[in-house]
Asker: 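Take a look at this one; I'll ask things after.
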Number of protein chains: 2
Amino acid sequence: MSIKLAILGILSCQPSTGYDLKKIIEESTVMYWSGNNNQIYKSLVQLLEQGLVTHEVQHQESSPSKKIYTITDKGEAELKSWALTPPELPELKKSFLTQLAWADLLSPEELDNLLLAYENELNMQILLLQEKKRRGLFAPNRTTREIYLWERIDDNIVSSYRHELNWVREIRQELKRG
Amino acid sequence: MSIKLAILGILSCQPSTGYDLKKIIEESTVMYWSGNNNQIYKSLVQLLEQGLVTHEVQHQESSPSKKIYTITDKGEAELKSWALTPPELPELKKSFLTQLAWADLLSPEELDNLLLAYENELNMQILLLQEKKRRGLFAPNRTTREIYLWERIDDNIVSSYRHELNWVREIRQELKRG
DNA sequence: GGTGTCATGTAAACAGTTACATGATTTT
DNA sequence: AAAATCATGTAACTGTTTACATGACACC
C-alpha cells in the first residue's frame with residue numbers, strides 16, 4: 001500500500017496543502033509514514049498527473065504561495081475501489097526480537113537491563129501515542145459508524161504496544177524466578 | 001537494525017553459506033527480512049571487508065562451489081556489543097488500518113466482508129507461523145536460558161497476530177449488534 | 001537575536017523487493 | 001518432460017529517511 005492512498009483519504013475529508021498533509025501524517029498514529037517532504041510532494045505531483053487530484057495556487061502577501069489540493073471524482077472512485085481491495089497483513093518488524101535472540105552472551109543483570117530498557121521504550125511510546133490521540137489534529141466524523149471505526153483504529157496501535165509490554169514484563173518476572 | 005547483525009548471529013551458531021543463510025532467514029518468523037539474495041550476498045561481502053567474517057571456498061564435483069562463511073573474533077565482539085545496544089521500538093505497519101479509516105464508503109455487508117477477509121488472512125498467517133515453528137529449521141540450544149528465550153521470542157509473533165485477530169473479531173461483533 | 005511556524009521543494013543515500021541469469025543434479 | 005534443489009550472483013526498481021535549501025513573519 002502506498003502513501004498516495006492515505007493522501008487521497010485525507011483529501012476526501014478536506015482540501016489540503018502538502019504542508020497540511022505532512023503534519024497530519026506526522027501526527028497520525030495509524031498512518032505510519034514519517035511524513036517527510038520528499039514522499040509527499042512527489043506523490044502529489046503523481047496524483048495530479050493521474051488526474052486523481054486538482055490544485056489551486058493561492059498567492060499570499062506575506063507567506064509563500066500555497067497549493068491547495070482537492071480530490072477529483074476520479075480520485076474518489078479510486079479511493080472507493082481501494083477500500084474493496086483484499087486487506088494486507090500487518091508488517092511486524094521487531095528488531096528487538098533478533099537482538100534478544102543472541103542476548104545469551106549477556107549476564108543476568110545485563111539481560112534484565114536490556115529487557116527493562118525495552119519496557120521503558122514501550123511505556124514512553126504508549127504515552128506519546130496517547131498524547132497524539134489527545135491532541136487529535138485530524139479525525140473525520142461524518143457518520144456514527146465512521147466515528148466508531150476511528151476509535152477502534154486508534155485503540156489498535158496502543159493496544160498492540162500494551163500487548164508487547166505485557167510480553168516483556170512476563171519474561172522479566174519469569175527470569176527473576178529462575 | 002541491519003540484516004548484517006542477524007547474519008552474524010546465525011554465523012555465531014554455525015558456519016554457513018549464503019544459500020544456507022537465505023533459507024534460515026526465509027523460514028524464520030523472527031528475522032523479518034524476505035531473505036532475498038541481493039541483500040544477503042551483498043552483506044556477506046561487506047562483512048568480509050569489515051573483517052567480521054572469513055570464508056573458505058569449497059569446490060564440489062557435481063554442484064557449484066560453496067563459500068562457507070565463519071564468524072571471526074572481531075565479529076563475535078561486534079555481536080556482543082550490539083546485544084548491549086539500546087533496543088529499538090517495533091515497527092508496526094498496518095496498512096489495513098489506513099484502509100479501514102476510509103471504509104465508511106462501504107455498505108454494511110461490504111465492510112463486514114472486508115473485516116472478515118482480514119480475519120481470514122490473520123488466521124492463515126497464524127497457521128503458517130505455527131507450521132514454520134513446527135519445522136524448526138534453525139534454533140540454537142546452547143543453554144537452558146537461551147532455549148527459554150527462543151521459546152518466548154517465537155511466541156511473541158504468533159501472539160501479536162492473535163491479538164490482532166481478537167481486535168478484528170470484536171469489531172465485527174459490535175458492528176453486527178449495531 | 002534566536003527559535004518556531006508556514007510553505008515549497010531537491011539531493012543523496014540506504015533498505016528492501018522482484019526478477020533475471022547460469023548450470024548441474026535430483027525428484028515428480 | 002517439467003519442476004525443485006543447490007549455489008552463486010546482478011539489474012532495476014520502489015520505498016523511505018535524513019539532510020539541505022530558501023524566505024518571510026511571529027513570538028519570546
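Computed over heavy atoms, backbone and side chain alike; hydrogens, waters and symmetry mates excluded. Here is the naming used below: chain letters follow the sequence lines, and residue numbers restart at 1 for every chain.
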Asker: Could you check whether Arg142(B) pairs with Asp104(A) (Lys NZ or Arg NE/NH1/NH2 to Asp/Glu carboxylate O, under 4.0 Å)?
Answerer: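 The answer is no: the pair does not qualify as a salt bridge.
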Asker: Check Arg169(A), Lys94(A), Gln125(A) against Glu164(A) for a side chain to side chain donor-acceptor pair (under 3.5 Å) and give me the one that passes.
Answerer: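 Of the listed residues Arg169(A), Lys94(A), Gln125(A), the side chain to side chain donor-acceptor pair (under 3.5 Å) partner of Glu164(A) is Lys94(A).
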Asker: Measure NZ/Lys22(B) against C1'/dG9(D) and give the value in whole Å, please.
Answerer: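 Result: 11 Å.
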Asker: Rounded off to whole Å, could you give me the CG-to-P distance for the Leu137(A) and dT5(C) pair?
Answerer: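 Leu137(A) atom CG is separated from dT5(C) atom P by 12 Å.
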Asker: Does dG15(D) have OP1 or OP2 sitting under 4.0 Å from an N or O in the side chain of Gln39(A)?
Answerer: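 Answer no for this pair, as no side-chain N or O of Gln39(A) is under 4.0 Å from OP1 or OP2.
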Asker: Distance check needed: dT10(C) C1' versus Lys42(A) NZ, whole Å only.
Answerer: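 From Lys42(A) NZ to dT10(C) C1': 8 Å.
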Asker: What's the CD-C1' distance between Glu88(A) and dG15(D), to the nearest Å?
Answerer: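 Rounding to the nearest Å, CD of Glu88(A) and C1' of dG15(D) are 13 Å apart.
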Asker: Please determine if Glu27(B) and Lys23(B) form a salt bridge, counting it only when a charged side-chain N lies under 4.0 Å from a carboxylate O.
Answerer: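 So Glu27(B) does not pair with Lys23(B) through a salt bridge.
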Asker: Let me know the distance between CH2 of Trp33(A) and C1' of dT16(D), rounded to the nearest Å.
Answerer: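 That distance rounds to 12 Å.
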Asker: Atom CD1 of Ile25(A) to atom C1' of dA7(C): distance rounded to whole Å?
Answerer: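 Distance, rounded to whole Å: 16 Å.
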Asker: Answer yes or no: does a side-chain N or O of Tyr19(B) lie under 4.0 Å from OP1 or OP2 of dT8(D)?
Answerer: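 Negative; the distance criterion is not met.
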Asker: Whole angstroms only, please: what is the CG-C1' distance between Leu48(B) and dG9(D)?
Answerer: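 Result: 15 Å.
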Asker: Tell me the interatomic distance from Tyr69(A), atom OH, to dA7(C), atom C1', rounded to whole angstroms.
Answerer: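 Atom OH in Tyr69(A) sits about 12 Å away from atom C1' in dA7(C).
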Asker: Please confirm whether any donor atom in the side chain of Asn37(A) sits under 3.5 Å from an acceptor in the base of dT10(C), or the reverse.
Answerer: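 When only heavy-atom distances are counted, Asn37(A) does not reach the base of dT10(C) through any donor-acceptor pair under 3.5 Å.
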Asker: Within less than 4.0 Å of OP1 or OP2 of dT17(D), is there a side-chain N or O belonging to Asn36(A)?
Answerer: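 Answer yes for this pair, as a side-chain N or O of Asn36(A) is under 4.0 Å from OP1 or OP2.
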Asker: At under 4.0 Å between heavy atoms, what does Lys23(A) touch on the DNA or RNA strands: base, sugar-phosphate, or nothing?
Answerer: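 Sugar-phosphate contact only.
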Asker: Is the distance from OP1 or OP2 of dT17(D) to the nearest side-chain N or O of Ser34(A) less than 4.0 Å?
Answerer: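 Yes.
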Asker: Heavy-atom nearest nucleotide on DNA chain D for Lys93(B) versus Tyr41(B): which residue maps closer to 5'?
Answerer: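 In this pair, the answer is Tyr41(B).
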Asker: Determine whether more than 12 heavy atoms belonging to other residues, nucleotides or ligands lie under 6.0 Å from atom NZ of Lys80(B).
Answerer: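 Count not over threshold, so no.
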Asker: Is the distance from OP1 or OP2 of dA7(C) to the nearest side-chain N or O of Thr17(A) less than 4.0 Å?
Answerer: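 Checking dA7(C) against Thr17(A), no side-chain N or O comes under 4.0 Å of OP1 or OP2.
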Asker: Describe the nucleic acid contact of Ser65(B) in one word from base, sugar-phosphate, nothing, applying a heavy-atom distance below 4.0 Å.
Answerer: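 Sugar-phosphate, no base atom in range.
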Asker: At under 4.0 Å between heavy atoms, what does Lys67(A) touch on the DNA or RNA strands: base, sugar-phosphate, or nothing?
Answerer: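 Lys67(A): backbone/sugar contact only, no base atoms under 4.0 Å.
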Asker: Looking at Tyr161(A) and Pro90(B), would you say the former's side chain and the latter's main chain have a donor-acceptor pair under 3.5 Å?
Answerer: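 Flag set: sc Tyr161(A) to bb Pro90(B) pair under 3.5 Å.
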Asker: Of the nucleotides dA12(D), dT8(C), dT10(C), which one has an atom closest to the side chain of Asn38(A)?
Answerer: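 Closest nucleotide among those given: dT10(C).
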